[in-house]
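What follows is a single structure, written as structure tokens, with notes after it.
Numbers here simply count residues along the sequence, with the first being 1. Treat the numbers as computed from the prediction; the structure is a model and nothing was measured.
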Amino acid sequence: MRTWSDSPFPSREELSCVPEGKEISRDNGESRLVYEIKGSPGWLAKLYKRPADAGRTSDLQRLVYLPTAMSQADQDLVDRCLAWPTTRLYDGSDLVGVVMAKAPDGFYAPLKALSGWQDPAPLPLDWLMKPADKCAQVGLRRPDLDLRLRAVEELLAVGDLFARHDIVYGDWSYRNALWNQHTGEVFVIDLDSCGIGSREWVESPGWADPLFPDRSRRPTVASDSYKLAVLTVRCLTARRQDPLEALSAVERSKGDTSLVGLLRRTLTATRLEDRPKCAELLEAVRRIRGTTASAGPSATSGTSGSGAGADNVTTWVKVGPTAGTARPAEATPSARPSGTTRAASGASGTDGAAASNVTGSVNLRDRSAARSPASAPKPSPSSSGSGRPGPGSGSASATGGSGTGATPTPGSLPPTPTSHTPRPAARSTSRAAARRAAMARGGSGRTSQAAASRRPRRHPVITMLLCAFCALIAALCIARYVLGWI
């Protein structure tokens, strides 16, 4: 089940429409009750101890809708490892709670006690802070370095997602993330308390940021980056105390030097602008694990690593000739269906479609690297040059020779042509311009031959008469000269 995309509830719902089912917790932190919604297994309702104020109401509304503006890769990360708030619960005009997904079964496990095996319970990240023997004692898998690195990669991927969307989590700790003992994946909870840009003060004991020494400065994504660096060194070493001592243990283990350097800069920076971004830490961990990006564009390169592909494209891109591109001076006749708007005059399709014969804009949202761009069927030889619009989500219009079709404009499709008879395009340049263009293309020889072929031919009889007349005149001149000499 996807934790955001598969929500069966609208973005706003009345509390009476989410009947109470199995109780999960009561009076835990800011919530007075968390229960599984009756009739909707896997979905939880979290009710607050007091109605949300105006600021939190605004942030929650933005959080609920934010995934709609994310790339597909970011949505996949949300659906996989975040208990994202999907619905705001109202009691009249008061915002009293939210709906979120329950953690998948992989984040639960039965624990062995003196009395026997207990029922499956959530596994907080706190288990990575315990000795491996303690984990084995209760029936859990011993966390090795690979599992720890996978957990760190997941946490940093979430932190990178938050930083790129200016989401401030604030309360990073062992208890606010669950851990899958088999895969090393994590599942972050309590996202409904996040802020946009900044948030109200929140901090767990032992997580104090030296650059945020008191409550006079509201937490931001910069403070989140520090706490994620602390969480990283503690998850890798199972050391709960001084993060610099934990970092020294990472150095002694001959870990990746780039990761160690980034962590040290984060933990010791005296200015916020000197702290590395979470995306840099994420890329360093991925280099160690040999993995590629899977969570959308990163702040370091504009893409989410080498494997992001086109998933980070979420906008309309204009297509057509770039500034300074030379257009052909003389347009060749091209086939164009009746009713199709002429956008540009380009080269014949037999020579290959040039960039100058495509204008408009193409919606690239939700395209991925796996999706072939040439999904439209090729025209059959009998309809070559007919200009039929092909399927696709783009909105570019084109005119050209054979093999170049007209793509639908945004919001509508061009009318289907009733006849396939080609109609020549209007002449757009003068003959003088055409000759100048031909000479510029190095075709002066061909132009001269064409001009010579257009000269009028004389009739053979007239040519013979002219030759005879000229010969007679020449003979008379010679005879007069000779007789005069005699």
So how far is it from T268 OG1 to L263 CG, rounded to the nearest 0.5 Å? 10.5 Å
Are P143 and W127 side-chain neighbours, meaning at least one heavy-atom pair lies under 4.5 Å? no
Answer yes or no: is there a side-chain heavy-atom contact under 4.5 Å between F162 and L228? no
Atom of D74, atom of H165 and distance for their closest heavy-atom approach: OD2-NE2, 3.2 Å
Closest contact, heavy atoms only, A269 versus L211: O-CD1, 3.8 Å
Counting C-beta onward and ignoring hydrogens, is there a side-chain heavy-atom pair between V98 and L63 closer than 4.5 Å? no
Steps toward side-chain contact (heavy atoms from CB on, under 4.5 Å) verdict (N28, V34): CA-CA 9 Å; N28 185 10; V34 178; over 6 Å; no
Check for a donor-acceptor pair, side chain of D171 on one end and backbone N or O of V202 on the other, with a separation under 3.5 Å. no
Atom pair CG/CZ of D166 and R62 - distance to nearest 0.5 Å: 8.0 Å
Side-chain donor or acceptor of D192 paired with backbone N/O of P85 under 3.5 Å: no
Between S193 and E30, do the side chains contain a donor N or O and an acceptor N or O under 3.5 Å apart? no
For salt bridge (charged side-chain N to carboxylate O under 4.0 Å, His left out), just list the numbers for E283 and R287, CA-CA rounded to whole Å, side-chain angles, deciding distance to a tenth of an Å, and then say yes or no. CA-CA 6 Å; E283 292 303 320; R287 283 195 297 270; 5.4 Å; no
Give, for atom CD of Q75 and atom CG of L161, the distance between the pair rounded to the nearest 0.5 Å. 10.5 Å
T266 (side chain) donor-acceptor with L262 (main chain) under 3.5 angstrom: yes
Is there a side-chain contact between K46 and D190 (heavy atoms, below 4.5 Å)? yes
Any sub-3.5 Å donor-acceptor pair from T232's side-chain atoms to V152's backbone N or O? no
Would you mind reporting whether E13 and V99 have side-chain heavy atoms less than 4.5 Å apart? no
Does NZ in K134 sit with more than 12 non-hydrogen atoms of other residues, nucleotides or ligands closer than 6.0 Å? no
Out of curiosity, E280 CD to L259 CG, how far, rounded to the nearest 0.5 Å? 11.5 Å
Going through the distances and angles, do D94 and Y48 end up as a side-chain contact (heavy atoms from CB on, under 4.5 Å)? CA-CA 11 Å; D94 294 332; Y48 302 137; over 6 Å; no
Checking salt bridge (charged side-chain N to carboxylate O under 4.0 Å, His left out) for the pair K130/D126: CA distance, chi angles, key distance, verdict? CA-CA 7 Å; K130 299 182 183 298; D126 185 61; 3.4 Å; yes
Got more than 12 heavy atoms from elsewhere within 6.0 Å of CZ, R289? yes
Measure across W179 and L125 and return the closest heavy-atom pair with its distance rounded to 0.1 Å. CB-CD1, 4.0 Å
Close side-chain approach of C235 to M129, heavy-atom, < 4.5 Å: yes
Give a yes or no on whether the backbone of V78 and the side-chain of T3 come within a donor-acceptor separation of less than 3.5 Å. yes
Is it possible for you to check whether R234 lies under 6.0 Å from the centre of the six-membered ring of Y174, through NZ or CZ, and within 45° of that ring's axis? no
Short side-chain to backbone donor-acceptor contact, K112 and A136, under 3.5 Å: no
At their closest point, which heavy atom of A157 faces which heavy atom of R286, and how far apart are they? CB-NH2, 4.2 Å
Stepwise side-chain contact (heavy atoms from CB on, under 4.5 Å) test for F187 and L123: CA-CA 10 Å; F187 189 81; L123 291 179; over 6 Å; no
If you look at every heavy atom in L155 and A177, which pair is closest and at what distance? CD2-CB, 4.3 Å
Can you spot which of F107, Y108, W43 makes a side chain to side chain contact (heavy atoms under 4.5 Å, CB included) with K102? Y108
Given side-chain contact (heavy atoms from CB on, under 4.5 Å), test N176 with V188 step by step and report yes or no. CA-CA 6 Å; N176 284 338; V188 182; 5.6 Å; no
Heavy-atom nearest pair, R265 first then D274, reads NH2-O, 3.8 Å
Donor-acceptor pair, side chain of S223 and main chain of T220, under 3.5 angstrom: yes
Check step by step if salt bridge (charged side-chain N to carboxylate O under 4.0 Å, His left out) holds for K38 and E20. CA-CA 6 Å; K38 186 177 181 180; E20 184 175 345; over 6 Å; no
Side chains of E153 and L282 in contact at under 4.5 Å (non-hydrogen atoms): yes
Any chance CD of E23 has more than 12 other-residue heavy atoms, nucleotides or ligands included, within less than 6.0 Å? yes
N/O donor-acceptor pair under 3.5 Å between S225 side chain and A222 backbone: yes
Is it the case that more than 12 heavy atoms not belonging to D119 sit under 6.0 Å from its CG atom? no
How far does CG of D209 sit from CH2 of W172, to the nearest 0.5 angstrom? 14.5 Å
Counting neighbours of CG on D53 that are heavy atoms of other residues, nucleotides or ligands and sit closer than 6.0 Å, is the number greater than 12? yes
If only atom types and distance count, is the side chain of D224 paired as donor or acceptor with the main-chain N or O of G170 below 3.5 Å? yes
Between R32 and D27, is there a side-chain heavy-atom distance shorter than 4.5 Å? yes
Side chain to side chain donor-acceptor pair (under 3.5 Å) test vs S5 passes for just one of D79, T86, D76, namely D79
Please report the C-alpha distance between R56 and E200 in whole Å, then the side-chain angles of each, then the deciding distance to 0.1 Å, and finally whether the salt bridge (charged side-chain N to carboxylate O under 4.0 Å, His left out) criterion is met. CA-CA 9 Å; R56 187 170 184 185; E200 60 186 12; 5.3 Å; no
Nearest 0.5 angstrom please: C135 SG to R141 CZ, how far? 11.5 Å
